[in-house]
Every structure is written in C-alpha cells, then in structure tokens.
Amino acid sequence: MKIASGLVSAEFVSRPNRFVAQVLINGQPETVHVKNTGRCREILQPGTRVWLEPAAAGGSRKTRYSLIAAEKPGRGVINIDSLLPNRLMKDWLAASLTW
C-alpha cells in the first residue's frame, strides 16, 4: 500500500464541523475533507502543519483533498485517518497468508 505518494503540506486553520476543515495551502484557503470524524481537538490546533491526500481523479467529491495527518512538535507526525490501520492490516494479511 502506498501511503505517502503525492501528499500536500498545509497549515490548519479551523474545523467548522466534523467532516471538513479549513487549511492554507501555500497561503491560499482550501476546504478539505477530514477522514476522522472524532474530536481531534488536541491535535488540530490553528497553525498546526497538516498533511493532505489528493482526492482520486474523476470522482464526484466536493473537496480536492483529505486531511490524513498532523505534525506535532516533539511527537512527530500523527495519523488521523481512522481507516488506515484496517487497510494496512488487510494488505499485510493478503501479502503474508497463502491459502
């Protein structure tokens, strides 16, 4: 599974609701999808560097990016994509097990 291909760095601004966030990409405002609908209040603070995954081409999404991780000083990069661990395990099992 490719995780880090094409990620975009941005600055977190706000989270108007649990599904979207406002970020700045190179100083330009952008509304992005948040893959984790939990609070994340401790992680997503204004000014935090976040990582965005571009949406798949040809889809019918309303946003061009999904917020998948945030960087915290002294803690490194924190994954907030709540589905990622399940996808990683599925890929690992598929590659590891032979039936």
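As the structure is a computational prediction, the values presented were derived from the model and not from experiment. This chain uses plain numbering: 1 for the first residue, then up along the sequence.
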Using the rule that two of Ile, Leu, Val, Met, Phe, Trp, Tyr join whenever any of their side-chain heavy atoms come within less than 4.5 Å, decide whether Phe12 and Val8 are in one cluster.
-> yes
Test side chain to side chain contact (heavy atoms under 4.5 Å, CB included), reference Val50, set Leu67, Leu7, Ile78, output is Leu67
Shortest non-hydrogen pair, Thr48 vs Ile43, comes out as OG1-O, 3.6 Å
Residues pairing under side-chain hydrogen bond (donor to acceptor under 3.5 Å, both in side chains) where one sits in residues 61-72, two or more places apart or in two chains, turn out to be Glu30-Arg64, Trp51-Glu71, Arg61-Thr63, Arg61-Ser66
dist Leu52:CG -> Ser9:OG (nearest 0.5 Å) comes out at 7.5 Å
So salt bridge (Lys or Arg N to Asp or Glu O under 4.0 Å) across residues 8-17, not counting sequence neighbours, yields none
Contacts of Arg39 meeting side-chain hydrogen bond (donor to acceptor under 3.5 Å, both in side chains) (sequence neighbours excluded), chain-then-number -> Glu42
| request: Examine Leu44 and Val32 and state if one hydrophobic cluster contains both, with Ile, Leu, Val, Met, Phe, Trp and Tyr joined whenever side-chain heavy atoms are less than 4.5 Å apart. | output: yes
Listed pairs under 3.5 Å, donor-acceptor, residues 17-26 side chains, sequence neighbours left out:
{"from": "Asn17", "atom 1": "OD1", "to": "Phe19", "atom 2": "N", "distance (Å)": "2.8"}
{"from": "Asn17", "atom 1": "OD1", "to": "Val20", "atom 2": "N", "distance (Å)": "3.1"}
{"from": "Gln22", "atom 1": "OE1", "to": "Thr31", "atom 2": "OG1", "distance (Å)": "3.2"}
{"from": "Gln22", "atom 1": "NE2", "to": "Thr31", "atom 2": "OG1", "distance (Å)": "3.0"}

